[in-house]
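Everything numeric in this text was worked out from a predicted model, so none of it was measured. Just so we're on the same page: letters track the sequence lines, and every chain starts at 1.
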Amino acid sequence: MIGAELTSEAERSARHVAGQRLFERLFRGTTLAMAILVLLVLGGVAVSLVHGAWPALSRFKLAFIVRQVWNPVTDEYGALGAIYGTLVTSLIALVFAVPISFGIAVFLTELAPAWLKRPVGVAIELLAAVPSIIFGIWGLFVFAPLLQQYAQPWIIDTLGSIPGIGALFQGPPFGIGVLTAGIVLAIMIIPFISAVMRDVFETVPDVLKESGYGLGATTWEVVWQVVVPYSRAGMVGGIMLGLGRALGETMAVTFVIGNAHDIYASLLAPGTTISATIANEFTEATTALYRSSLIALGALLFLITFSVIAAARLMLLRLGRRALPSA
Amino acid sequence: MRRRTIRRLKNVAALGLSAAATLIGLAFLGAILWTLFAEGLSGFSVSLFTQMTPPPGSSGGGLLNAIYGSVILTLLGISMGAPVGVLAGTYLAEYGRSSRLSTAVRFINDVLLSAPSIIIGLFAYELVVAPMGHFSAISGALALAIIAMPVIVRTTEDMLTLVPQGMKDASTALGAYPWRTIVSVAYPAARSGMVTGLLLAVARISGESAPLLFTALNNQFWSTNLREPIANLPVVIFTFALSPYQNWQQLAWSAALLITLTILVLSIIARIAVSRLSPGGRRG
């Protein structure tokens, strides 16, 4: 009687253990599968883009990248205008965003009193949460008219008359155009770059900074000669992360760049970017070749941003994951 | 003596410039919010939430179908992206913390986190829209899910890593299998951080417009069919803002204010939740 009870007890516990083991295997397997799915998604993106771009790439070959033609009527497509616009707007964005982001990071880590740090930091981060399309309508209806009325006439009068670089700043003040798109992009990437810079500045050991102060250095000298050299790799990583954002940014640029496939010498002239072209024309693409050319543009953008982002992440990875921003 | 003065002046100038840079950043946030309130608030009325988007040339109208569509797309996107994100994050934090696969997944996930959303839209187009032959709500939700997923993977892993090892060891010592420890100990301990991740992901995808342009598209009418195009606030803003009709433009501004407020409130709630969780977990 007692023996039988013991056996059933042992059986039950054996069954329990077996159940637990099975569940453990299932749970572990599911989490593993989902982790692999993350890899597959990126692979799927690459494969689907190449697949979609294939008709255009096999028709135009490598000339697709270097030809400056975009003519849906004759079904002739080349990406040069869009590539040019993408690179130039992103460079303009960096020119404006890097110094300002650096200033913000210095302010937040070295200058701001403790009670001000968090609210200001959060406010700058909130700028990153504002959707791209909001920057677009604000840029088109508020910012571009302001530039057109006040800044651009001044730029044309002063910078435009300098021999050499003057060609970059000539022509009528449209308001919208490559320069405006670059500035709006700058506003959008400031929060990303300044967040990374702030985080890497915070990783500088206090003892290094204290040594600087102990030698009688001013705050600025400590920043420039201790903090910046120590965090150089992280700063470059943050800047490239911002560059990756700027290259792929779509809606804001679509509103303010003017959507012209031609390449003008002047930065005040309208242009287009890869992402703006796709956003504007994809639903209107009537022929298969037109659509495939747009997807080929997307594949190019993927290639460019992937390299930039991957390089940025690798640089930041060396600093340890703590220095990485979450968004 | 003179050298010291120059150094001091340089210091004041540099720090002054950095404060000015911060003011510039804040000024842009202020300018955008001010514009949204100035232009959008006047359009806030009952009809905004009770009427459909108007056809071209007619007066009045509201955003009911677009609000509904945006909510549906966001919820669908999150409900597809969250399980994948949470489970993948669990693998990274608990099972394969230092495996080679995890290093690769982390890296790819970080790349996906910063990938242009329009590329994700093209992927969803190739995957769903092209085979189906027409635009659909479900393809838009898929694109949003792929954008939400990396955010959730990242926060889940970060938050689970913060759970003290001692708590997990205690559970293991009681004879619990790892899955039981994760579900009954680690998840509850990391709950508020994981909820924050979800909120941030919702905030991120609810304002996305680029990937919806060629997936969910837009719909002038009330539609609950996931196989058909569906109206949504971002695409309505895009279409209406660039239209010549005055009431359409007004609706675009109101939609812009509505969506921005929602996202900012979500982001602020998420940050408050994280700062309560732990002083070190400030960045969620």
Study note, to complete from the structure: Comparing B/L29, B/N11, B/I108 against chain A, the one with the most heavy-atom pairs below 4.5 Å turns out to be B/N11

Review point. Between A/I134 and chain B, which part of the residue has a heavy atom less than 4.5 Å away: side chain, backbone, both or neither?
Key: side chain

Review point. Using non-hydrogen atoms only, which part of B/V183 is less than 4.5 Å away from chain A: side chain, backbone, both, or neither?
Key: side chain

Check your understanding: Can you find a pair of side-chain heavy atoms, one from A/T305 and one from B/V111, that are under 4.5 Å apart?
Key -> no

Point to revise | B/V12 versus chain A, the contacting section by heavy-atom distance below 4.5 Å | key: neither

Exercise for review: Against chain B, label A/F282 side chain, backbone, both or neither, depending on which of its atoms sit under 4.5 Å from a heavy atom there.
Suggested key: side chain

Review point. Thinking salt bridges, do A/E125 and B/R271 make one under a 4.0 Å N-O criterion?
Key: yes

Practice item. Could you tell me which portion of B/L257 (side chain, backbone, both or neither) has an atom closer than 4.5 angstrom to a non-hydrogen atom of chain A? Key: neither

Review point. Would you say A/E24 and B/P178 make side-chain contact, with heavy atoms under 4.5 Å?
Key: yes

Practice item. Quick one: which of A/F255, A/F107, A/F102 has the most heavy-atom pairs under 4.5 Å with chain B, could you say? Key: A/F107

Check your understanding: Is the shortest heavy-atom distance from the side chain of B/Y177 to the side chain of A/V17 under 4.5 Å?
Key -> yes

Check your understanding: What part of A/T218 lies closer than 4.5 angstrom to a heavy atom of chain B: side chain, backbone, both or neither?
Key -> both

